[in-house]
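Shown next, in structure tokens, is the structure this report addresses.
Chain identifiers are assigned alphabetically (A, B, ...) following the order of the sequence lines, protein sequences preceding nucleic acid strands; residue numbering begins at 1 within each chain.
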Amino acid sequence: MIHRASQLFLPTLRDDPADAEAISHKLLVRGGFIRQVSAGVWTFMPLGWRVHRKVEQIIREEMDAIGGQEMLMPVLTPAELWEKTGRLDIPEVFHVEDSPYILPVTHEETVTFHAREIQSYKQLPQLWYHFQTKDRDEPRPRGGLLRVREFIMKDAYSFDRDEESVKVSFEANRGAYKKIFERCGIEAYDVVAESGIMGGKFSVDFLAPSGSGENVLVRCQNGDYAADGDIAEAVPRVPTFPETLVAPEEISTPGVTTCEALADFLGVDIAATSKAMPVTKPDGSVVLALVRGDDRLSEMKLYDAMPGESRPSTDEEIRAAFGASGGSLGPVGFAGEVIADETLRDGQFVAGANKDGYHLRGVEAGRDYEPRFADLREPKEGDRCPVDGGTLEFLVAVEVGHIFNFGSFYSKPLEATFLDEDGQEKPLLGGSYGIGPGRVMAAIVEQHFDENGIQWPRSVAPYDVHLVVLPGADEIALEAAEALSANGLDVLLDDRDQRAGEKFADADLIGCPIRVTAGKKSLEDGRVDVRDRATGVERRLSVAELGKEV
RNA sequence: CGGGGCGUAGCUCAGCCUGGUAGAGCGCUCGCUUUGGGAGCGAGAGGAUCGCCGGUUCGAGUCCGGCCGCCCCGACCA
């Protein structure tokens, strides 16, 4: 197939758009792939839509390969369904004014509505999917296609009879996702996602390292460990402890309220200090979370250690519970519960004395206070791999896929049950598996570009070949285009009346994997120049060779 | 929702501090010369109620107030 650039709606831009920061945002806009309509709301222009559809097709093939059945569920969804599952109050849900409908963020309710037609274990398992628009009133769209308010998602849903079967479905989808990302040319890691907030259900994220993104991927340089930065377990360095004391010793630390200042003031390793973070539970009780002075408290992990709605304590609550202000708080003498990070299990630390302007040296867990231990710290640069002690890398990443085991969360309220072999009526066990092709596009660009533009992997490129026609070479260019097209390749024939430099610049920007140039040199020797976009390697081939070799 | 920034031509921006009748480059049209990495010369068209509303002033793109939109950081994120 041949498309003439002179007839396409393909507005490329010489300058970066003023409001773009992320590479993928800049290049996709400049290359004429996408345009913004309003914050987080985007149009895919002809070129962008071609890429989107290629990504879709890869996803479709891999879903079909594991037995997925494509269907299409509507966007408009009765709010009633969501009322039953308790998701109507999710703030991101768009409500349609003066109507009983909502615009859903995903389709679990709708798919479970249909799953009610499953009657017997004999019909299980099922795997259904569709590509459909999702609307989410995101508080903050950002980064071009990286986070948007409306997008097309491939969401798949599995239904199974028991946990064992759920596992099989889940792993099948995980495998399909790996193939999808591989085929799209994306380096992605499947990592266990934060599960605490979802009440123990299991989910896996696929994180693609990227120049910009909202997630942090923690990865061992030896390749044996990868995790979401929110919940990664990493091995912190061992502190240098001062001389051991038989009992805590009070010291005056006037005006010292941060661990950094404390370590400086006392001349001790900051890792040998402890940091107290009081939180208040719904019943009003104050719990003290304790981490090492050089660590940050992970809210996610604290939630895991102490489920329920807690929040940082107010100044008044702190004063009442400790008799001191923030900056001088510590576990010794505190009457409430203390949850201490594992790093505080051994050794003696400097802690707040619960007396403004004073700290205690030589505070030891188990001797001076009785904590409950938990993993509470945020992993950080310099930590070691929990598997082999190797160096950990912290990479900004984009979440390109999320697979989720939700059990009977939806089937129970929506009464989607089946009759099992033992004659018992049981709720279907579900899983959901999402990928946003638009975000995948952005991630591909984030991983494949240079200073001149995008370098699409062949599998998703808008066209296989960008054929640059220079003056006088129209005839041989057309022959070349037809030879390539006859070979099953999609050709962008740049027949615009523009200078060579501009055409080359556009070709680099748009990023088709192969560029063919027909120009003066072709007229001399009857051949064309074939250049690989990614490597820059160029060779001269006859039209006949083109058909065979490209 | 908190913090910061921005809003002037299709695009990228200057002008605002210090108020006085709106600018540049790119783009667009035509011609000639050029033509293998964003050309040169000439001619030309069109183009911004300076985001909106209000205020101050003889006079507001410029100063003041309010609002809206967009971007970035944070919070949030099925």
Side-chain angles (χ1 to χ4, degrees), chain A residues 11-22 25-26 29-30 32 35-41 77 82 85-94 102-109 111 134-144 146-149 151 153 155 157 193-195 197-199 201 203 205 212-215 228 230 299-300 311-312 399 402-406 409-410 430 432-434 436 439 451-453 468-473 477 494 496-509 515-525 527-529 531 536 538 540:
Chain A
T12 56
L13 303 176
R14 182 185 290 226
D15 300 309
D16 282 336
D19 54 9
E21 195 100 344
H25 184 182
K26 289 180 184 172
V29 171
R30 279 188 57 207
R35 284 293 185 269
Q36 185 169 34
V37 176
S38 90
V41 179
T77 303
W82 285 58
T85 59
R87 294 213 301 167
L88 199 55
D89 297 328
I90 293 173
E92 283 77 25
V93 175
F94 278 107
I102 57 142
L103 307 180
V105 297
T106 56
H107 278 75
E108 278 86 358
E109 280 79 357
V111 82
K134 305 292 182 245
D135 291 283
R136 300 179 181 186
D137 197 0
E138 294 288 350
R140 189 182 154 209
R142 71 188 89 182
L146 291 175
R147 179 168 287 276
V148 294
R149 286 209 170 98
F151 62 102
M153 178 188 237
D155 38 327
Y157 303 91
E194 11 94 11
S195 54
I197 290 189
M198 289 318 299
K201 284 173 293 181
S203 82
D205 268 341
S212 38
E214 302 175 307
N215 298 70
D228 187 304
D230 284 336
E299 286 178 39
M300 208 72 78
R311 53 169 175 80
E399 180 191 329
H402 194 174
I403 61 179
F404 205 72
N405 170 12
F406 57 70
F409 187 90
Y410 299 95
S432 66
Y433 315 90
R439 194 184 266 186
E451 64 277 13
N452 296 317
V468 173
V469 189
L470 297 179
D494 193 348
R496 295 173 303 167
D497 182 22
Q498 271 173 339
R499 302 186 60 80
E502 293 180 61
K503 292 192 181 191
F504 289 144
D506 272 350
D508 288 344
L509 174 61
R515 186 185 83 193
V516 172
T517 307
K520 191 172 58 190
K521 295 173 189 167
S522 310
L523 299 178
E524 285 163 9
D525 66 6
R527 297 188 290 176
V528 293
D529 290 312
R531 178 196 279 241
E538 190 162 71
R540 182 158 295 182

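Residues A:F406 and A:Y157 share a closest heavy-atom pair of CE2-CD2, 4.5 Å. The two atoms that bring A:R540 and A:K521 nearest to each other are NH2-CD, 3.0 Å, heavy atoms only. The nearest pair of heavy atoms linking A:F409 to A:T85 is CE2-O, 4.1 Å. Between A:L470 and A:A500, the closest heavy-atom pair is CD2-CB, 3.5 Å.
Between A:M153 and A:A518, the residue anchored nearer the 5' end of RNA chain B, judged by the nucleotide with its closest heavy atom, is A:A518. Sequence order on RNA chain B of the closest nucleotides to A:D508 and A:G40 puts A:D508 first from the 5' end.
To the nearest 0.5 angstrom, A:T517 atom OG1 is 4.0 Å from A:F504 atom CZ. Rounded to the nearest 0.5 Å, atoms CD (A:E214) and CZ (A:R142) are 4.0 Å apart.
The side chain of A:A18 lies closest to B:U12, out of B:A39, B:G74, B:U12. Closest approach to the A:Q36 side chain among B:G38, B:C70, B:C72 is made by B:C70 (side chain taken as heavy atoms from C-beta onward). With B:C72, B:G38, B:G36 as the choices, the nucleotide that has an atom nearest any side-chain atom of A:K520 turns out to be B:G36. When the nucleotides B:C26, B:C70, B:C72 are ranked by their closest atom to the side chain of A:R14, B:C26 comes out on top. Of the candidate nucleotides B:G36, B:G38, B:C76, B:C76 has the atom lying nearest to any side-chain atom of A:R142. Here the side chain of A:E92 is nearest to one of B:G25, B:A75, B:C77, namely B:C77. The side chain of A:T517 lies closest to B:G36 when the candidates are B:G25, B:G36, B:A75.
Listed by chain and residue number, A:I476, A:A518, A:V528 satisfy the side-chain contact (heavy atoms from CB on, under 4.5 Å) test with A:S522 (two or more places apart in sequence, or in another chain).
Rounded to whole Å, the C1' atom of B:G38 lies 15 Å from the corresponding atom of B:U12. The C1' atoms of B:G55 and B:U62 are separated by 15 Å, rounded to the nearest whole Å. Between the P atoms of B:C50 and B:G61, the separation comes to 6 Å (whole Å). For the P atoms, the distance from B:G40 to B:U35 is 14 Å, rounded to whole Å. Comparing the same atom, C1', in B:G23 and in B:A9 gives a spacing of 10 Å after rounding to whole Å. Taking atom P in both B:G37 and B:A24, the straight-line distance is 31 Å, to the nearest Å. Across B:G20 and B:C64, the matching P atoms stand 15 Å from one another, rounded to whole Å. Atom name C1', nucleotides B:G46 and B:G27: the rounded distance is 12 Å, in whole Å.
Base contact: A:S522 has a heavy atom under 4.0 Å from a base atom. Within the nucleic acid shown, A:A505 comes within 4.0 Å of at least one base atom, counting heavy atoms only. If you check every strand for non-hydrogen atoms under 4.0 Å, A:D16 touches sugar and phosphate atoms only. Contacts of A:S432 with the nucleic acid, taken as non-hydrogen atoms under 4.0 Å apart, are absent. Using a 4.0 Å heavy-atom criterion, one finds that A:P17 contacts the sugar-phosphate atoms exclusively. When heavy atoms are screened at a 4.0 angstrom cut-off, A:G143 is found touching the sugar-phosphate backbone but no base atom.
Between A:E138 atom CD and B:C77 atom C1' there is a gap of 6 Å when expressed in whole angstrom units. Atom CG of A:D230 and atom P of B:C77 are 11 Å apart (whole Å). Distance A:N215 CG to B:C77 C1': 10 Å, rounded to the nearest Å. Per the geometry, CZ belonging to A:R30 stands 16 Å off P belonging to B:C11, to the nearest Å. As rounded to whole Å, 17 Å separates atom P of B:C70 from atom CD of A:E21. Taking atom CZ of A:R140 as the reference point, atom C1' of B:G4 lies 11 Å away to the nearest angstrom. Rounded to whole Å, the distance from CG on A:L470 to P on B:U35 is 12 Å. Following rounding to the nearest Å, A:Q498 (CD) and B:G27 (P) show an atom-to-atom distance of 10 Å.
Remark: B:G65 base-pairs with B:C53; criterion is Watson-Crick or G-U wobble with both hydrogen-bond distances under 3.5 Å. The base-pairing partner of B:A39, taking Watson-Crick or G-U wobble contacts with both distances under 3.5 Å, is B:U33. Using the Watson-Crick or G-U wobble rule with both distances under 3.5 Å, B:G10 pairs with B:C26. Using N1 to N3 plus N6-O4 or O6-N4 for Watson-Crick, or N1-O2 and O6-N3 for G-U wobble, each under 3.5 Å, B:G47 pairs with nothing. Across all strands shown, B:C70 pairs with B:G5; the Watson-Crick or G-U wobble distances both stay below 3.5 Å. Pair assignment for B:U21: none, as no Watson-Crick or G-U wobble contacts are both less than 3.5 Å.
Using a 4.0 Å cut-off between charged side-chain N and carboxylate O, A:R496 and A:E502 make no salt bridge.
At a cut-off of 3.5 angstrom, counting only N and O atoms as typed in the model, there is no donor on one side facing an acceptor on the other between the side-chain of A:R35 and the base of B:G10. Side-chain atoms of A:R147 come within donor-acceptor range of the base of B:C77, with a qualifying N/O pair under 3.5 Å.
A donor atom on one side chain and an acceptor atom on the other are not found under 3.5 Å apart for A:D155 and A:T106.
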With side-chain contact (heavy atoms from CB on, under 4.5 Å) as the criterion, how do A:R147 and A:R439 come out once you've worked through the C-alpha distance, each side chain's angles and the decisive distance to 0.1 Å?
CA-CA 8 Å; A:R147 179 168 287 276; A:R439 194 184 266 186; 3.8 Å; yes
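A 6.0 Å sphere centred on CG of A:D525 holds more than 12 heavy atoms belonging to other residues, nucleotides or ligands.
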Polar atom pairs between nucleotides 32-34 of chain B and protein, under 3.5 Å, N or O only, would you list them?
from: B:U34; atom 1: O2; to: A:R499; atom 2: NH1; distance (Å): 2.7

